[in-house]
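Since the structure comes first, as structure tokens, the remarks are kept for the end.
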Amino acid sequence: MDNIRIAEKFNHMAKMLEFKGENQFKTRAYTNAARTIKGLDEELQVIHKEGSIEDIPGIGKILESKIVEMLETGTFEAYEKTMDEIPAGIIEIMNIPGIGPKTARLFYEKLGVQTVDELSRAAREHRIRRLPRMGEKQEEKILRSIARQKEDKNHGRHPYVLAKEIATEIVDFLDLCPDIEKVAIAGSLRRKQDTVGDIDLIAISKEPEKAISYFTGMEKVEEVLESGTAKAAIIYPGNFHVDLRIVSRDSYGSMLQHFTGSKEHNIHLRKLAISKGYSLNEYGLTDESTGNLTKFSSEEDLYENLGLEYLPPELREDRGEVEAALRGKLPQLIERKDIKGDLHVHSTWSDGANTIEEIVDAAILRGYEYIAITDHSHSTGVANGLSDKRLLEHINAIDKLNEKYDGIRILSGTECDIRADGKLDYSNNLLEQLDIVIVAVHAGLDQDRKKMTKRIVSALENEHVDILAHPTGRKFGKRPAYDVDIEKVIATAKDNDKVLEINSSPWRLDLDDINAKRAKERGVMLAINTDTHAIDHLDNIEFGINMARRAWVEPDDVLNTKDLKQLCSKLGIPK
DNA sequence: GCCGTTTTCGGCCCGACTGTTTTCAGTCG
Ligand SMILES: Nc1nc2c(ncn2[C@H]2C[C@H](O)[C@@H](COP(=O)(O)OP(=O)(O)OP(=O)(O)O)O2)c(=O)[nH]1
Ligand SMILES: [Mg+2]
Ligand SMILES: [Mg+2]
Ligand SMILES: [Zn+2]
């Protein structure tokens with residue numbers, strides 16, 4: 001059983017315990033353990049074999065024994081027992097916004113409601129309003145929440161790129177409000193997470209009520225979820241939930257820090273404050289002995305006051321960044337300016353929209369030292385892939401272009417398909433003639449875990465291969481990652497000195513932050529590539545950089561931060 | 001259920017909004 005599945009069981013268990021009315025700190029222990037497990041750099045299976053699971057913070061003897069039970073049997077007794085007690089539909093009911101464990105339990109006990117559909121019916125038949133602390137408005141709210149959830153195909157999360165676009169539109173609009181001095185993006189969007197649950201904004205205003213009514217009164221607002229004197233929440237077209245918090249200028253830094261999160265990062269900081277005799281909230285730091293509140297207008301001041309190095313938002317996930325910042329040992333995160341070239345680009349030779357010349361000009365414009373043209377191979381499922389003959393012509397064409405261009409090196413490459421049996425689309429004889437060989441899986445994605453893993457591993461064992469592209473194959477809104485033992489892939493990359501890609505396409509972001517961090521920890525080199533199919537895509541590098549930064553990646557960990565000389569020596573080709 | 005160089009018991013982050021509330025529980029951020 002892998003970490004993801006173990007974490008899911010703990011999360012599910014936490015929900016069930018909440019419903020049962022268990023101690024909230026016990027349920028939090030499960031949720032907390034699940035989150036920690038998801039972010040682990042190592043499989044629990046391995047930790048169990050080589051060390052002690054109990055050493056993981058937030059996991060004690062009891063949870064360790066449950067993890068071991070899962071590793072051995074696929075489940076744990078307490079989980080199965082609790083599953084038998086609680087109807088499956090209850091968890092779904094608790095996932096409706098506004099309905100928590102207490103309300104779900106009330107409906108279950110007083111109305112016998114066990115599924116979302118039964119809850120809908122109860123609301124329509126006005127049976128809810130007769131319950132204690134319930135009324136007409138609650139019935140309406142529940143029906144609206146259910147309707148909204150039904151519409152939503154994305155399980156409530158949106159790709160970063162879409163959310164960023166909407167957020168920018170709203171920020172620009174709020175900037176026009178005379179009662180708003182400044183607007184900033186916060187939440188997971190500011191932390192550059194691959195997908196975001198909602199859009200979180202903060203605004204400085206001396207007139208909070210006016211600012212909020214400006215926000216809730218925007219023309220495109222589909223629904224006002226809540227609207228108070230300090231914050232409001234709306235639904236924006238596309239099923240975007242948008243939260244706005246208003247703050248005074250002098251607490252801007254405190255609020256930005258708070259609303260950027262993550263929640264777990266905040267809790268960690270608040271515990272740290274407590275240990276120093278303070279209390280931390282979104283307005284400032286209160287000295288518990290005097291009651292004095294110090295407000296922070298900048299995040300930098302706040303972190304400094306807590307004795308921490310400034311933390312880039314991308315790191316604020318409580319995955320060790322607070323400890324590192326306390327010791328002054330934060331990584332020097334990679335930046336866009338460190339990128340010296342793009343190693344995954346398609347031209348009109350296969351399914352790209354631009355000629356090689358156009359691509360090279362665009363690369364020069366971006367200050368790159370090199371650019372690899374990596375058109376598709378001919379296997380089925382990939383558009384206009386290059387035959388053996390055309391690949392040779394391709395190499396010749398690039399040779400000629402290299403004579404024409406000064407100051408940039410064009411690398412002849414391929415994105416060679418890994419066929420279902422693990423064989424590559426080109427012979428070794430052909431691959432050998434290329435400057436750079438990317439391999440990737442494009443079809444036959446429903447193979448089982450064992451087959452898929454073996455398929456990719458055998459490709460990585462080919463001596464001519466340099467990079468594995470989009471290693472898990474996920475595409476937002478289309479398909480989840482295929483079933484592959486990513487640990488094995490990382491280990492194989494390490495053993496064979498291969499590079500794993502962080503694909504920067506905003507619909508892929510693959511490797512994601514967690515897997516990229518694992519690869520880095522194992523000493524596997526990464527490449528941040530755009531997989532460009534039209535020259536504008538070269539700028540998608542920004543999204544790949546986001547993932548890399550969230551993975552604690554430094555320039556040295558990335559192949560395409562190397563200068564041309566180092567790159568060529570790494571690829572084993574003449575400069 | 002976890003945790004601890006002052007603690008092995010008694011804490012566990014802290015605040016805004018809603019609805020039905022005459023005083024606050026529940027939910028969410
Ligand atoms: N201190 C504290 N802060 C919280 C809590 N919940 C949320 N926050 C802060 C940190 C979050 O990043 C921020 C925005 O909340 P969200 O629920 O929108 O979470 P976030 O944006 O991090 O993730 P998301 O992608 O929206 O699911 O508010 C909490 O329970 N305690
Ligand atoms: Mg959010
Ligand atoms: Mg939010
Ligand atoms: Zn590609």
Side-chain angles (χ1 to χ4, degrees), chain A residues 10 13-14 17-19 21-36 53-67 76 78 93-107 128-142 144-145 156 186-188 196-202 208 212 216 224-234 241-247 251 254-255 257-275 277-286 288 293 306 318 322:
Chain A
F10 275 170
M13 185 70 178
L17 292 176
E18 270 188 312
F19 178 74
E22 255 296 353
N23 178 319
Q24 57 165 315
F25 299 106
K26 179 170 167 179
T27 67
R28 191 183 298 173
Y30 277 91
T31 314
N32 205 35
R35 180 189 60 84
T36 305
I53 292 175
E54 202 200 335
D55 291 344
I56 301 167
I59 297 178
K61 285 206 181 345
I62 295 170
L63 289 182
E64 177 184 37
S65 75
K66 286 173 177 159
I67 290 168
F76 59 102
I93 290 176
M94 284 199 287
N95 284 337
I96 298 168
I99 299 184
K102 295 291 194 300
T103 314
R105 183 155 172 168
L106 180 74
F107 294 159
I128 305 281
R129 64 181 67 177
R130 294 201 289 270
L131 266 31
R133 303 190 68 87
M134 289 292 142
E136 204 178 323
K137 285 192 175 170
Q138 290 282 11
E139 281 177 347
E140 288 165 10
K141 198 172 146 192
I142 288 166
R144 274 202 310 276
S145 276
S188 49
V196 303
D198 66 357
I199 294 169
D200 300 294
L201 305 173
I202 73 174
I212 281 181
T216 56
V224 177
L225 298 172
E226 61 178 17
S227 171
T229 59
K231 68 172 184 178
I234 60 163
H241 174 128
V242 187
D243 285 325
L244 175 69
R245 286 210 65 163
I246 307 295
V247 63
S251 284
S254 288
M255 183 63 82
Q257 189 289 310
H258 162 76
F259 215 38
T260 296
S262 66
K263 173 184 171 178
E264 292 76 18
H265 176 79
N266 288 354
I267 291 175
H268 199 138
L269 292 190
R270 286 167 182 217
K271 284 180 177 165
L272 186 67
I274 291 170
S275 74
Y278 294 90
S279 163
L280 178 67
N281 64 20
E282 60 264 55
Y283 303 105
L285 203 51
T286 305
E288 288 295 340
L293 172 71
L306 288 170
D318 196 25
V322 176

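When reading the values below, keep in mind they use all heavy atoms of this one structure, side chains included, and skip hydrogens, waters and symmetry mates.
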inquiry  = Using a strict heavy-atom distance below 4.0 Å, which residues from residues 27-35 of chain A are in contact with DNA chain B?
reply    =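 A:Arg28, A:Ala29, A:Tyr30, in order of number.
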ask   = Going 5' to 3' on DNA chain B, which nucleotide is the first and which the last to come under 4.0 Å of a heavy atom in chain A?
value =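 Nucleotide range with atoms under 4.0 Å of chain A: B:dG1 to B:dG29.
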key: Mate of B:dG29 where both pairing distances stay under 3.5 Å, Watson-Crick or G-U   =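 B:dG29 is paired, partner B:dC14.
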With sugar-phosphate meaning primed atoms plus P, OP1 and OP2, does [X] contact a base, only sugar-phosphate, or nothing at under 4.0 Å between heavy atoms?
| X | result |
| --- | --- |
| A:Ile62 | sugar-phosphate |
| A:Glu282 | sugar-phosphate |
| A:Lys263 | base |

In chain order, what residues pass the ring-ring contact (aromatic ring centres under 6.0 Å, His included) check against [X], with sequence neighbours excluded?
| X | answer |
| --- | --- |
| A:Tyr278 | none |
| A:Phe10 | A:Tyr30, A:Phe76 |
| A:Phe107 | none |

request  = Sequence neighbours left out, what passes side-chain contact (heavy atoms from CB on, under 4.5 Å) with A:His268? Give chain and number order.
outcome  =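 Listed in chain order: A:Asp318, A:Val322, A:Glu323.
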By salt bridge (charged side-chain N to carboxylate O under 4.0 Å, His left out) - contacts of A:Glu64 (at least two apart) =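 Salt bridge (charged side-chain N to carboxylate O under 4.0 Å, His left out) list for A:Glu64, sorted by chain: empty.
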inquiry  = I'd like to check the side-chain hydrogen bond (donor to acceptor under 3.5 Å, both in side chains) partners of A:Ser254; sequence neighbours left out, ordered by chain and number.
reply    =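 Counting only residues at least two positions away or on another chain, A:Ser254 forms no side-chain hydrogen bond (donor to acceptor under 3.5 Å, both in side chains).
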query = Can you list the residues that meet the side-chain hydrogen bond (donor to acceptor under 3.5 Å, both in side chains) rule with A:Arg105, with sequence neighbours excluded?
reply =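 With neighbours one apart ignored, the set is A:Glu109.
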